[in-house]
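We name chains A, B, ... by the order of the sequence lines, and we start the count at 1 in each one.
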Protein chains: 2
Amino acid sequence: MERAIRPRTTPQLTVISTAIQGDHSHPSAEDIYLRVRKVLPRISLGTVYRTLQRLVREGTIQMLFFGERTARYDPTLEEHDHFICQQCGRVEDVRVEREQQMDFASLVRAGFTIAAHSLAIRGVCQLCGRPGEPRRRPRRTGPPVPTKRERTH
Amino acid sequence: MERAIRPRTTPQLTVISTAIQGDHSHPSAEDIYLRVRKVLPRISLGTVYRTLQRLVREGTIQMLFFGERTARYDPTLEEHDHFICQQCGRVEDVRVEREQQMDFASLVRAGFTIAAHSLAIRGVCQLCGRPGEPRRRPRRTGPPVPTKRERTH
DNA sequence: CTAAATGCAAACGATTTGCAGCCCC
DNA sequence: GGGGCTGCAAATCGTTTGCATTTAG
């Protein structure tokens with residue numbers, strides 16, 4: 001018989017959990033790391049990743065991807081859809097009414113078991129759509145990338 | 001005035017294009033690389049990535065993500081949905097009837113401009129659902145991972 | 001001829017992981 | 001006080017990129 005694992009409550013877990021609660025901005029692990037660091041300056045990025053993994057495993061939060069390679073985390077568990085702005089990159093929670101229900105019957109008939117479905121809508125958000133500010137993807141902030149190649153060949 | 005770029009037709013482009021045509025298995029760049037290598041053994045993975053980028057840019061194929069970090073490529077341009085099997089990882093093209101249309105009106109009213117939307121359905125596919133074979137994610141094939149850490153510390 | 005595309009290998013960015021020490025239960 | 005968790009740094013994975021060279025047009 002295998003000894004059951006008893007998860008522990010650590011300050012890191014507590015701070016990370018509360019940092020995401022009610023956050024509808026769909027932060028990345030790095031976003032969360034920077035935020036949590038203000039409270040626990042010695043926390044490591046590895047711990048943030050491990051803790052997020054655990055929260056996902058325990059069903060507290062969702063891990064989502066929006067056509068990028070970086071995972072985003074979402075504390076909202078109720079069914080909702082996402083709007084991804086092609087201009088500024090922001091992801092917004094939205095709710096699209098399905099006038100009647102979508103018809104999964106044919107899929108079920110074909111032998112599929114359906115566990116969940118997600119709807120992602122792409123376009124231009126209210127803010128970017130407003131004339132005036134041309135506004136372009138704000139992601140990728142930080143220092144002006146001094147990182148260049150260092151080889152001399 | 002800037003000199004226009006005239007793309008060229010190379011054997012690599014031709015072989016990669018035909019390799020993806022009609023392929024509904026949503027192959028990754030690596031999958032395509034292995035396939036193309038049988039015809040052009042000296043092709044590099046870099047060229048495969050660059051060529052796929054070009055095909056996406058030119059609108060010949062689509063690049064998709066399904067909750068993994070690896071991009072998948074899809075030559076089907078018509079509107080269709082995707083079913084992702086949580087057990088074997090396969091991605092299948094499906095079509096879910098929207099009984100009536102989905103109601104984007106409220107989003108448009110709120111100032112969003114809608115360019116596209118995608119529906120992903122997760123669950124267990126016909127094959128995995130059939131009793132008998134317990135079947136588990138076949139992805140990550142190849143040699144038994146001899147790659148271990150090499151540090152001695 | 002000449003600019004675009006290739007092969008190669010190094011670089012990158014996001015995430016994971018081995019390990020030794022720390023500290024929650 | 002023992003096993004889970006942390007910080008650290010190195011490793012891994014998928015993808016990109018600089019450069020010298022080849023090649024399509």
Restricting both atoms to N or O, compile the protein contacts to nucleotides 22-25 of chain D shorter than 3.5 Å, with distance only.
from   : atom 1 : to     : atom 2 : distance (Å)
D/dT23 : O2     : B/Arg8 : NH1    : 3.4
D/dA24 : O3'    : B/Thr9 : O      : 3.4
D/dA24 : N3     : B/Arg8 : NH1    : 3.1
D/dG25 : OP1    : B/Thr9 : N      : 3.0

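- No continuous path of ILVMFWY side-chain contacts below 4.5 Å connects B/Leu119 to B/Val124, so the two sit in separate hydrophobic clusters.
- Spacing between atom CG of B/Leu34 and atom P of D/dG14 amounts to 11 Å, rounded to whole angstrom units.
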Does the side-chain contact (heavy atoms from CB on, under 4.5 Å) test come out yes or no for A/Val94 and A/Ile121, once each step is laid out? CA-CA 9 Å; A/Val94 296; A/Ile121 301 136; 4.1 Å; yes
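- For the pair A/Glu30 CD and C/dT16 P, the computed distance is 14 Å after rounding to whole Å.
- Distance A/Leu13 CG to C/dC24 C1': 12 Å, rounded to the nearest Å.
- Following rounding to the nearest Å, B/Arg37 (CZ) and C/dC8 (C1') show an atom-to-atom distance of 13 Å.
- A/Leu77 CG: more than 12 foreign heavy atoms inside a 6.0 Å radius.
- Phosphate proximity of C/dC24 to A/Gln12: absent, as no side-chain N or O sits under 4.0 Å from OP1 or OP2.
- Between A/His82 and A/His26, the ring planes are perpendicular. Angles over 60° get that label, and only those under 30° would be called parallel.
- Backbone-only contact: B/Gln53 has heavy atoms under 4.0 Å from sugar-phosphate atoms and none from a base.
- Following rounding to the nearest Å, B/Glu68 (CD) and D/dC13 (C1') show an atom-to-atom distance of 12 Å.
- Of the residues in residues 39-52 of chain A, those placing a heavy atom less than 4.0 Å from an atom of DNA chain D are A/Arg42, A/Ile43, A/Ser44, A/Thr47, A/Arg50, in numerical order.
- In this structure, B/Asp81 contributes its side chain and B/Val96 its backbone to a donor-acceptor pair below 3.5 Å.
- Side-chain contact of B/Asp74 with B/His80: a donor-acceptor pair under 3.5 Å is present, judged by distance alone.
- The separation between A/Phe65 atom CZ and D/dC13 atom C1' is 13 Å, rounded to whole Å.
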Yes or no on side-chain contact (heavy atoms from CB on, under 4.5 Å) for B/Leu64 and B/Tyr73, after CA distance, side-chain angles and deciding distance? CA-CA 6 Å; B/Leu64 301 169; B/Tyr73 298 86; over 6 Å; no
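- For the pair B/Ile16 CD1 and C/dA5 P, the interatomic distance rounds to 12 Å; values are reported in whole Å.
- A donor-acceptor pair shorter than 3.5 Å can be found between the side chains of A/Thr70 and A/Glu68.
- The interatomic distance linking A/Ile32 (CD1) with C/dA14 (C1') rounds to 14 Å, in whole Å.
- Salt bridge B/Arg35/B/Asp23: present, at least one basic N to carboxylate O contact under 4.0 Å.
- The C1' atoms of five pairs define one axis at each end of the helix from C/dC1-D/dG25 to C/dC25-D/dG1, and these two axes lie 40° apart (to 10°).
- Side-chain N/O atoms of A/Thr14 and A/Ser17 include no donor and acceptor closer than 3.5 Å.
- The shortest distance between the side-chain N/O atoms of B/Arg54 and the OP1/OP2 oxygens of C/dA5 is below 4.0 Å.
- Along DNA chain C, the nucleotide nearest to B/Arg69 and the one nearest to B/Arg6 differ in position, and the one closer to the 5' end is contacted by B/Arg6.
- By the rule that hydrophobic residues join a cluster once side-chain heavy atoms approach within less than 4.5 Å of another member, B/Leu13 and B/Ile16 end up as members of one cluster.
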Assess whether side-chain contact (heavy atoms from CB on, under 4.5 Å) is satisfied between A/Leu127 and A/Arg130, documenting all intermediate values. CA-CA 6 Å; A/Leu127 298 169; A/Arg130 245 195 288 273; 3.4 Å; yes
